[in-house]
Amino acid sequence: MKPGRRRFLKSMAVLPGAAAVPDAQAQTTPSRDVYRELGIRPLINAAGTYTYLSASLMPRPVVEAIESASRRYVNLGELQGAVGRKISALIGCEAAIVTAGAASALLLATAACVAGKDKEKIARLPDTTGMKNEVILPKGHRNGYDHAIRNAGVKLVEAETAADVARLAGERTAMLAYFNVHDVDGKIRVDEYAALGKKLGIPTLIDAAADIPPVENYSRFLKMGYDLAAFSGGKVLRGPQCSGMLLGRKDLIEAAAANNNPQTDSVGRTSKVGKEEIVGLWAALEYFVKQDPAAMWKEWERRCATIAAQAASVAGVKAEQFVPVTANAVPHLKVTWDGAAVGLTPGDAVRKLREGDPRIEVRATLADGVEFGVWMLEPGEDEIVGRRLRDVLRKA
Ligand SMILES: *Cc1c(COP(=O)(O)O)cnc(C)c1O
């Protein structure tokens, strides 16, 4: 291809993203359609950043950074170090490491607190005999992701109050863990827990995987006093689906790295990140912090309003925007209806949206309606979802 033509195509590729909404993904025409070749029917993601729906789409600058990374060999340790320094500077934290999702960040944080940089201990995990091998977490915080912590070979100990934490903490305690999404379910508040860790001299970890926006949260919990914070790379950040970050204290991040790939004999070896994820995460963060949060918010509200208007045009149907308190705290849409009047169950509506063309996935099926997540929609898809929903409700 002539250089002139390549430059022309390249400028064409960036134009739609620049002109449209701030987070427009604006995929260029791909050279092949892998999903067609595989017989997989892609979907419109009106659900959210769910792993089973492949979570998010990477913006062009991220894909281009990965493409660039894919062309040369590098020393992976050097790359983690360099990207860690870039991420730390962008966020304003002491140190950072790219992990295989937030789940791997939880595992590596725990391994760091249990085995540190001790080669013999690192090799022995998840056998924690003779090591600090208990992790305290507030009662109400148990959830599927604590499996990632347990993978390091520790026992979880639940504490209901601050006094319980102080009583249960001892020489076996390796770490205090907090799941921010469960802040409302426990009796110990997020800032109080960080202070407890400081007072007891035990490292604290917060899982804030889905707690962006606001972008300030990347540093907020560390400023609050947490030693380590785990975030997803493949959620609203729209980095590689299998990327994440562990941020925090330099000595603990170094210990996390010692328990991670490329070290073969370590618990982190089974959650490898390659140069593509490491560079892709950095590029995604660089792109994300440049976005205008107010413009993004307005765009998400506009999408809610578009779908709401179509839904509410059907008699007996109501639509309202809501924002979850923690985790994915962005505008969502709840559409409810009188089942008897409309003649359709929410389950049937979800099935029709899924089986129709294009296939549409929603966030949740309620007793009296359906919830939509709009922040992962591509430009124009809000219109499609609105029309399809209206048709499904009308035909019933
Ligand atoms: C999504 C999520 C995780 C896991 O994040 P990955 O990046 O998919 O590994 C962990 N904790 C919470 C609270 C989450 O929402």
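For the numbers below, each heavy atom of this structure counts, side chains included, while hydrogens, waters and symmetry mates do not. Remember, it's 1-based here, ligands and their atoms both numbered in the order they're listed. Just so you know, these numbers come straight off a predicted model, no measurement behind them.
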*Does a side chain donor of either Thr99 or Ser104 reach within less than 3.5 Å of an acceptor in the other side chain?*
no
_Going by side chain to side chain contact (heavy atoms under 4.5 Å, CB included), name the residues that satisfy it together with Pro126, two or more places apart in sequence or in a different chain._
Val267
_A quick test of your reading: do over 12 heavy atoms of other residues, nucleotides or ligands sit less than 6.0 Å from OH of Tyr35?_
no
Which N/O atoms of ligand 1 sit under 3.5 Å from a protein N/O, and at what distances?
residue: ligand 1; atom: 5 (O); partner: Ser232; partner atom: OG; Å: 3.0
residue: ligand 1; atom: 7 (O); partner: Ala102; partner atom: N; Å: 2.8
residue: ligand 1; atom: 7 (O); partner: Ser232; partner atom: OG; Å: 2.6
residue: ligand 1; atom: 9 (O); partner: Ala102; partner atom: N; Å: 3.0
residue: ligand 1; atom: 9 (O); partner: Ala103; partner atom: N; Å: 2.9
residue: ligand 1; atom: 11 (N); partner: Asp207; partner atom: OD1; Å: 3.3
residue: ligand 1; atom: 11 (N); partner: Asp207; partner atom: OD2; Å: 2.6
residue: ligand 1; atom: 15 (O); partner: Lys235; partner atom: NZ; Å: 2.8

*Please state whether the rings of His141 and His182 are parallel, tilted or perpendicular, taking 30° and 60° as the class boundaries.*
tilted
*Side-chain heavy atoms of Asp183 within contact of Tyr178, under 4.5 Å*: yes
*asked:* Assess the residue pair Tyr145 and Phe179 against the criterion (ring-ring contact (aromatic ring centres under 6.0 Å, His included)); give the C-alpha distance rounded to whole Å, side-chain angles, the decisive distance to 0.1 Å, and a yes or no.
replied: CA-CA 9 Å; Tyr145 293 114; Phe179 284 88; 7.6 Å; no
